[in-house]
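Beneath this line is the structure, given in structure tokens, with notes to follow.
Remember, predicted model here, so these are calculated numbers, not experimental data. Atoms within a ligand are numbered from 1 in the order they appear, just like the ligands themselves.
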Amino acid sequence: MTRSQYTFENPVTRYPQVEAPEKHVPEPGTDTDLEPHADHGEETYRGSARLLNRKALITGGDSGIGAAVAIAFAREGADVAITYLPDEEDDAQHVRTQIETAGRKAVLLPGDLTDRDFCTQLVNKAVRELGGLDILVNNAGKQLFCESIEDLPDEQFEQTLNTNVLAMFRITKAAIPYLEPGSTIINTTSVQAYQPSPLLLDYATTKAAINAFTKALASQLASRGIRVNAVAPGPIWTPLQPSGGQPHEKLAHFGTQTPIGRSGQPAELAPAYVFLASAESSYVLGATIAVTGGMPTP
Ligand code: NAD
Ligand code: MG
């Protein structure tokens with residue numbers, strides 16, 4: 001039998017600890033340049049029509065967690081639109097091929113989420129090309145480490161807030177008029193919302209904001225039949241980390257501080273998003289699924 005997300009394995013050894021090479025790459029990192037490449041479930045994710053004919057929009061769906069979610073959604077029967085930065089075209093084309101090989105429609109939306117107008121345009125374009133919208137995954141994110149508040153430029157704080165929080169707000173606001181009862185919104189938060197690293201002052205702040213936004217919006221939209229939830233990843237091997245997300249000395253043992261003892265792979269995140277997007281989670285609202293390798297969350 002071929003290996004899939006349903007295969008029983010020892011989770012400790014399911015993936016080897018990543019050996020990060022001494023390689024500095026600029027933002028945004030790409031999977032094309034990532035050594036070793038991340039696992040988005042290309043060889044393993046098995047779908048079973050849990051999202052048949054749903055229409056999904058995933059920001060940052062070109063790489064990392066977003067790419068794994070895009071592939072899983074397509075194999076569960078959804079048509080998928082992804083946003084990404086123009087520099088990430090190669091990664092986006094890889095995901096497009098995966099979606100189309102699953103027999104579903106792929107819509108590619110390159111652009112910068114810190115541009116206010118792009119946030120609304122991308123929603124309209126996704127709706128037009130998909131023929132509607134049932135699932136919104138706010139997943140794009142910016143993470144740049146900085147040792148000290150004195151060295152943290154005002155512009156970086158603004159850019160991180162803009163990418164992680166304001167874009168989520170603008171895209172969600174633009175999407176809501178299209179969402180029918182049964183639709184779902186899933187936001188990618190982080191264990192950083194609960195255990196903020198001193199190196200990630202701006203980033204951790206945005207992740208705590210995403211948590212509050214998720215819970216408040218879930219209450220607001222509950223009676224309209226639109227469910228809002230979040231997924232909180234722990235340390236996951238994606239292009240975000242070696243492109244300024246972590247200092248190099250930390251990257252060498254990235255994820256080993258978790259109880260499970262290794263970093264996670266994007267493929268290990270996808271089932272949580274599929275559950276929250278599917279009708280199976282009809283009574284789950286304002287919740288956060290922690291996929292943290294055992295790092296405690298409240
Ligand atoms: P990733 O680099 O693969 O994905 C992040 C994506 O964000 C990029 O692909 C890019 O397309 C998009 N993005 C960033 N800035 C943008 C901008 N200005 N305009 C348009 N798009 C932009 O990395 P990932 O780790 O898969 O990140 C996905 C989400 O997971 C992020 O929200 C991140 O904060 C969160 N997260 C990651 C980890 C981890 O350890 N990797 C842990 C917790 C949370
Ligand atoms: Mg990317």
Side-chain angles (χ1 to χ4, degrees), residues 18 20 25-34 37-40 58-70 82-95 108-116 118-119 122 137-145 156 158-168 170-171 186-197 200 202-207 209-211 230-246 250-251 254-255 257-258 263-270 272-273 288 290-293 295 297:
V18 167
V25 292
E27 252 196 313
T30 61
D31 195 73
T32 307
D33 287 335
L34 191 66
H37 294 300
D39 180 8
H40 312 113
I58 305 167
T59 66
D62 58 298
S63 60
I65 296 163
V69 173
I82 61 168
T83 78
Y84 54 97
L85 286 162
D87 286 352
E88 300 174 306
E89 188 62 37
D90 289 352
D91 283 1
Q93 289 298 340
H94 169 73
V95 175
L108 301 199
L109 303 165
D112 189 338
L113 295 179
T114 64
D115 174 345
R116 185 192 294 243
F118 177 63
C119 291
L122 77 88
V137 181
N138 288 304
N139 166 77
K142 177 184 176 73
Q143 175 185 327
L144 264 191
F145 81 88
Q156 179 180 321
E158 258 178 27
Q159 287 276 101
T160 308
L161 199 67
N162 233 323
T163 311
N164 299 4
V165 180
L166 289 174
M168 170 186 68
R170 290 169 181 150
I171 292 167
I186 306 164
N187 299 325
T188 302
T189 177
S190 170
V191 69
Q192 285 290 325
Y194 316 105
Q195 296 184 40
S197 154
L200 297 174
D202 53 341
Y203 176 82
T205 303
T206 67
K207 293 298 174 179
I210 292 170
N211 280 7
V231 175
I236 311 302
W237 182 244
T238 72
L240 193 75
Q241 301 300 349
S243 60
Q246 300 286 335
K250 286 215 164 196
L251 215 53
F254 181 63
Q257 80 280 20
T258 61
S263 48
Q265 288 286 338
E268 297 181 283
L269 271 294
Y273 290 80
T288 307
V291 188
T292 61
M295 288 173 81
T297 60

Of the protein's non-hydrogen atoms, which lies at the shortest distance from [atom], and what is that distance?
{"atom": "atom 36 (N) of ligand 1", "answer": "Tyr203 OH, 3.5 Å"}
{"atom": "atom 38 (C) of ligand 1", "answer": "Gly234 O, 3.8 Å"}
{"atom": "atom 26 (O) of ligand 1", "answer": "Ile65 N, 2.8 Å"}
{"atom": "atom 27 (O) of ligand 1", "answer": "Leu240 CD2, 4.0 Å"}
{"atom": "atom 9 (O) of ligand 1", "answer": "Asp62 OD1, 2.8 Å"}
{"atom": "atom 1 (P) of ligand 1", "answer": "Ser63 OG, 3.5 Å"}
{"atom": "atom 8 (C) of ligand 1", "answer": "Glu88 OE2, 3.3 Å"}
{"atom": "atom 44 (C) of ligand 1", "answer": "Thr189 O, 3.2 Å"}

With a 4.0 Å cut-off on heavy atoms, does Gly29 reach ligand 1?
->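 So Gly29 does not count as touching ligand 1.
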
Main chain of [Y], side chain of [X]: is a donor-acceptor contact present, judged purely on distance under 3.5 Å?
{"X": "Asp62", "Y": "Ile82", "result": "no"}
{"X": "Asn139", "Y": "Gly61", "result": "no"}
{"X": "Lys207", "Y": "Thr188", "result": "yes"}
{"X": "Gln246", "Y": "Gln241", "result": "no"}
{"X": "Thr114", "Y": "Asn162", "result": "no"}
{"X": "Glu89", "Y": "Asp87", "result": "no"}
{"X": "Gln192", "Y": "Leu200", "result": "no"}
{"X": "Glu88", "Y": "Thr30", "result": "no"}

Between the candidates Val191, Leu113, Leu34, which shows the shortest non-hydrogen contact distance to atom 19 (N) of ligand 1?
->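 The residue whose heavy atom sits nearest atom 19 (N) of ligand 1 is Leu113.
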
Using heavy-atom distances, let me know which of Ile236, Thr160, Asn162 sits nearest atom 41 (N) of ligand 1.
-> Ile236

If you count the atoms of ligand 1 from 1 in the order shown, which ones are under 4.0 Å from a heavy atom of [X]?
{"X": "Pro235", "value": "40 (O)"}
{"X": "Gly60", "value": "6 (C), 11 (O)"}
{"X": "Asp112", "value": "17 (C), 18 (N), 19 (N)"}
{"X": "Pro239", "value": "3 (O)"}
{"X": "Gln241", "value": "39 (C), 40 (O), 41 (N)"}
{"X": "Gly64", "value": "3 (O), 26 (O)"}
{"X": "Thr163", "value": "15 (N), 16 (C)"}
{"X": "Gly111", "value": "19 (N), 20 (C)"}

Check each of Asn187, Val231, Ile58 against Val137 using the side-chain contact (heavy atoms from CB on, under 4.5 Å) test, and report the only one that passes.
->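 Testing Val137 for a side-chain contact (heavy atoms from CB on, under 4.5 Å) against Asn187, Val231, Ile58 leaves exactly one candidate, Ile58.
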
side-chain contact (heavy atoms from CB on, under 4.5 Å) partner of Ile236, chosen from Val291, Ile65, Thr292 |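 Running side-chain contact (heavy atoms from CB on, under 4.5 Å) over Val291, Ile65, Thr292 with Ile236 returns exactly one hit, Ile65.
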
Specify side chain, backbone, both or neither for Thr238, according to which of its non-hydrogen atoms lie closer than 4.0 Å to ligand 1.
-> side chain

Backbone, side chain, both or neither: what part of Lys207 comes under 4.0 angstrom of ligand 1, heavy atoms only?
->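 Under 4.0 Å from ligand 1, Lys207 contributes side-chain atoms alone.
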
Considering non-hydrogen atoms only, spot the tightest contact between [X] and [Y] and give its length.
{"X": "Ser243", "Y": "Glu27", "result": "O-CG, 3.6 Å"}
{"X": "Trp237", "Y": "Ala38", "result": "O-CB, 3.4 Å"}
{"X": "Lys142", "Y": "Thr160", "result": "O-CG2, 3.5 Å"}

Restricting to N, O or S atoms of Asp62, which is nearest to the Mg ion (ligand 2)?
-> OD2

Taking the Mg ion (ligand 2) as the reference point, name the nearest N/O/S atom of Glu88.
->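 When I compare the N, O and S atoms of Glu88, OE2 is nearest to the Mg ion (ligand 2).
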
Less than 3.5 Å between some nitrogen or oxygen of Asn139 and one of ligand 1, yes or no?
->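 Yes.
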
For Gly66 and ligand 1, does the shortest N/O to N/O distance drop below 3.5 Å?
-> no

With Thr189 as partner, the option from Asn211, Asn138, Thr297 fulfilling side chain to side chain donor-acceptor pair (under 3.5 Å) is Asn211

Would you say Tyr84 has an N, O or S atom lying under 2.8 Å from the Mg ion (ligand 2)?
-> no

Evaluate side chain to side chain contact (heavy atoms under 4.5 Å, CB included) for His94 paired with Asp31, printing each intermediate quantity in order.
-> CA-CA 10 Å; His94 169 73; Asp31 195 73; 5.9 Å; no

